[in-house]
2 protein chains.
Amino acid sequence: MASSVPTKPPTAADVATLAGVSKATATRALGGYGRINEETKRRVLAAANQLGYHPNAAAQTMNTGRSGSLGIVARGITNPVWPVAFQGMVDAARLQGLAVLFAGSGFEVSEERKAIRLLLGKQVDGLIVSAADRRDVEHLQRITAVGTPLVLWERRVPGLDAPVIEADMRQASSELTRRLLDLGHRRIGFVSSLAMPQAAYSIGAELPASIIQDKVEGLFTPFSEAGIAPPVDLVRFPERDRDAIAAAYHSLLDGPNPPTALIASDSQIAETMLDVVRSRGLRIPGEVSLAMYDDLSWARLVDPPLTVIAQPDYDMGKCAAELAMNPAGASTLPSFSARLILRGSVGRAQD
Amino acid sequence: MASSVPTKPPTAADVATLAGVSKATATRALGGYGRINEETKRRVLAAANQLGYHPNAAAQTMNTGRSGSLGIVARGITNPVWPVAFQGMVDAARLQGLAVLFAGSGFEVSEERKAIRLLLGKQVDGLIVSAADRRDVEHLQRITAVGTPLVLWERRVPGLDAPVIEADMRQASSELTRRLLDLGHRRIGFVSSLAMPQAAYSIGAELPASIIQDKVEGLFTPFSEAGIAPPVDLVRFPERDRDAIAAAYHSLLDGPNPPTALIASDSQIAETMLDVVRSRGLRIPGEVSLAMYDDLSWARLVDPPLTVIAQPDYDMGKCAAELAMNPAGASTLPSFSARLILRGSVGRAQD
DNA sequence: CTGAAAGCGCTTACAG
DNA sequence: CTGAAAGCGCTTACAG
């Protein structure tokens with residue numbers, strides 16, 4: 001055991017003394033920079049090893065301005081696809097020897113501001129931000145102003161000169177409704193938690209999250225193309241909690257002209273959607289067809305298996321990290337495409 | 001737009017000059033320490049605000065030895081319960097104004113060693129480690145040796161004087177098999193990915209992960225109590241991949257005296273278990289009863305809903321972080337209990 | 001209450 | 001190739 005008194009860790013000066021060289025020479029050997037004699041280097045490294053030396057990153061950061069860490073600010077992490085994207089970021093960071101500094105914003109701009117201040121103070125070498133609100137961006141501009149590379153995650157922010165990593169939601173969404181139209185569906189409901197319970201959606205309306213806007217507009221495009229009025233009255237943006245989401249689905253199904261197909265903006269909403277549909281005893285897809293965004297493994301495990309729109313989360317996460325660590329590296333921003341995966345939960349409309 | 005040339009951010013010295021005070025006075029006002037005149041403080045803060053001053057955390061760290069960050073080293077993060085625990089840690093850290101420094105080990109001790117070195121170099125104020133292997137601990141001892149508070153996540157490591165945050169798996173596990181015994185089950189199979197495909201399990205065997213050992217031994221206790229030989233031949237420790245897990249379940253079901261109940265050590269294993277059972281056309285629970293560890297939301301959504309053993313991941317994560325940030329704070333280590341949730345996937349044994 | 005100065009542990013020109 | 005010295009941006013005794 002012998003945890004004893006925590007002894008002060010050895011510094012480069014200690015190593016230098018033991019090796020009988022100057023501090024400058026020691027750190028040159030240790031850091032692998034500058035010119036240095038091979039034999040001297042060996043001696044220094046031996047001394048470092050003997051003492052169990054490890055450089056103090058804070059001191060290095062102060063000199064170089066680089067912290068050796070990648071900052072990530074996320075709105076929420078309980079969405080089960082997040083770990084996959086996060087894993088991509090972490091892996092990319094590890095390959096460059098960087099650690100990941102994480103701070104959550106909990107969907108609040110005020111928290112996001114604090115988180116960014118915190119990470120910027122820690123001199124992160126790059127920052128990935130999943131912005132809470134596209135309309136509030138001053139604090140984001142500060143990031144690029146101080147010269148820290150910024151990458152936006154899945155949400156475009158107008159007026160901000162930063163690359164956005166996102167999958168193209170429009171095309172896959174259109175593909176889904178085109179398929180539903182073919183199957184005779186005209187009344188298609190869409191629910192996303194944007195915490196705007198009152199809002200009546202109208203086409204082209206500016207939504208706080210670009211990705212949601214892309215989804216809705218992508219879903220409605222085939223209607224317009226086919227000369228059919230899109231069911232804008234079946235769009236709901238409830239609060240983030242289960243009850244509110246359930247209420248939204250019930251209100252859709254209780255309406256005068258209820259939907260024959262329901263789409264959930266993410267898997268957490270889909271769970272509630274399934275609960276509601278089952279609690280009402282509706283047959284799937286006999287009485288109502290279902291689909292959700294994000295291809296979680298359980299989508300295959302429920303009965304019938306759920307139709308989903310998938311995106312390459314891991315690759316996107318990796319790409320975001322690489323771009324944040326090395327902004328000059330990519331001349332053109334890679335594009336990621338979402339993909340419709342049809343499963344048993346989608347079928348012909350009733351009647 | 002106007003990203004222009006990234007101007008060097010203002011320092012405390014700049015603020016001091018603008019406010020017409022010394023550097024020491026300025027930092028005292030800014031940092032809120034030491035004695036200081038209210039009016040002077042106001043002037044300094046105004047100057048700081050005007051310049052957009054933010055302290056350089058690296059410099060602060062060098063002086064104080066505290067980095068204002070909590071380190072977390074995890075074996076893997078793709079287990080879907082991880083975000084919940086992580087959220088607890090992040091929330092606790094945020095309450096103390098700390099950021100979270102994350103590094104993954106990918107289940108490799110060598111990577112774990114690197115990750116710990118990286119985070120220790122960054123002077124984390126506390127460290128939570130989900131150890132990859134209980135038998136390899138020197139690098140963990142170094143953590144406490146340098147005086148950094150260490151908290152172990154869900155895995156006890158012998159010879160290490162550090163608190164362990166874990167739920168008691170034995171009791172809930174025993175409760176599960178007791179129930180299964182009542183229902184007439186004698187042949188109960190258990191699969192966990194420990195990457196020891198050859199190993200034949202025997203009671204009391206030292207496993208690389210304490211939590212798995214607790215689960216198995218907890219499951220088998222009621223057998224011994226009832227004077228029934230535990231089905232040690234139905235324990236499998238395949239590699240972490242889907243195919244290996246599927247092969248393990250097939251091998252159990254193909255055996256001469258196959259199990260009537262199957263238990264998965266986590267939800268990812270359970271997905272494959274479900275696939276295998278369904279692909280073989282076995283009725284649940286008519287021909288085989290199923291259960292898994294971790295109460296993921298989809299467990300309720302499959303048909304029949306899965307019996308699970310749940311643990312308070314969020315609270316455990318929060319507690320781990322609090323303990324790592326303030327080791328003196330808790331006089332006694334809180335205990336967390338796992339809980340059996342019986343659902344339709346468990347029924348009477350056939351015959 | 002305030003200031004001058006030393007120091008935290010490195011890196012980086014600048015001489016030699 | 002190596003060393004002495006200054007400096008990164010703070011904090012912290014020590015005087016006053």
- Can you tell which of A/Leu30, A/Leu45, A/Val44 makes a side chain to side chain contact (heavy atoms under 4.5 Å, CB included) with A/Tyr53? A/Leu30

- Message: Please report the distance, rounded to the nearest Å, between OH in A/Tyr33 and P in D/dC1.
- Response: 16 Å

- Item | Gap between atoms CG and C1', on B/Asn63 and C/dG9 respectively (whole Å) | 10 Å

- Task: Under 4.0 Å between any heavy atoms, over every strand shown, what does B/Thr61 touch: base, sugar-phosphate, or nothing? Just pick one.
- Result: nothing

- How close or far is atom P of C/dG9 from atom CD of B/Gln60, stated in whole angstroms? 17 Å

- Task: In whole angstrom, give the distance that lies between atom CZ of B/Arg66 and atom C1' of D/dC10.
- Result: 17 Å

- Have a look at B/Thr11 and say if it touches a base, only the backbone sugar-phosphate, or nothing, with a 4.0 Å heavy-atom cut-off. sugar-phosphate

- Watson-Crick or G-U wobble partner of D/dG16, both distances under 3.5 Å: C/dC1

- Checking all strands, does B/Ala24 fall into the base, sugar-phosphate, or nothing category for heavy-atom contacts under 4.0 angstrom? base

- Are A/Arg94 and A/Asp91 within salt-bridge range, i.e. N to O under 4.0 Å? yes

- Please report, rounded to the nearest Å, how far the P atom of D/dT2 is from the CD1 atom of A/Ile36. 6 Å

- More than 12 heavy atoms from other groups under 6.0 Å of CZ on B/Arg66: no

- Task: May I have the distance from A/Lys122 (atom NZ) to D/dC8 (atom P), rounded to whole angstrom?
- Result: 22 Å

- Considering only side-chain heavy atoms of A/Thr40, which listed nucleotide, C/dC10, D/dC1, C/dC8, is closest? D/dC1

- Task: Round to the nearest Å and state the distance from B/Gln123 atom CD to C/dC8 atom C1'.
- Result: 11 Å

- Does C/dC8 have OP1 or OP2 sitting under 4.0 Å from an N or O in the side chain of B/Thr64? no

- Proximity to the side chain of B/Asn37 - top-ranked nucleotide from D/dG9, C/dC1, C/dC10: C/dC1

- OP1 or OP2 of C/dG3 less than 4.0 angstrom from a side-chain nitrogen or oxygen of B/Ser22, does that happen here? yes

- Message: Students often mix this up, so state it plainly: with edges at 30° and 60°, are the rings of B/Trp82 and B/Phe102 parallel, tilted or perpendicular?
- Response: tilted

- Query: With a cut-off of 6.0 Å (strictly less than), are more than 12 heavy atoms of other residues, nucleotides or ligands near CD of A/Glu138?
  - Reply: no

- Query: Whole-Å distance between D/dC1 P and A/Lys41 NZ?
  - Reply: 11 Å

- Query: Nearest of C/dC10, C/dA13, D/dT12 to any side-chain atom of A/Lys23?
  - Reply: C/dC10

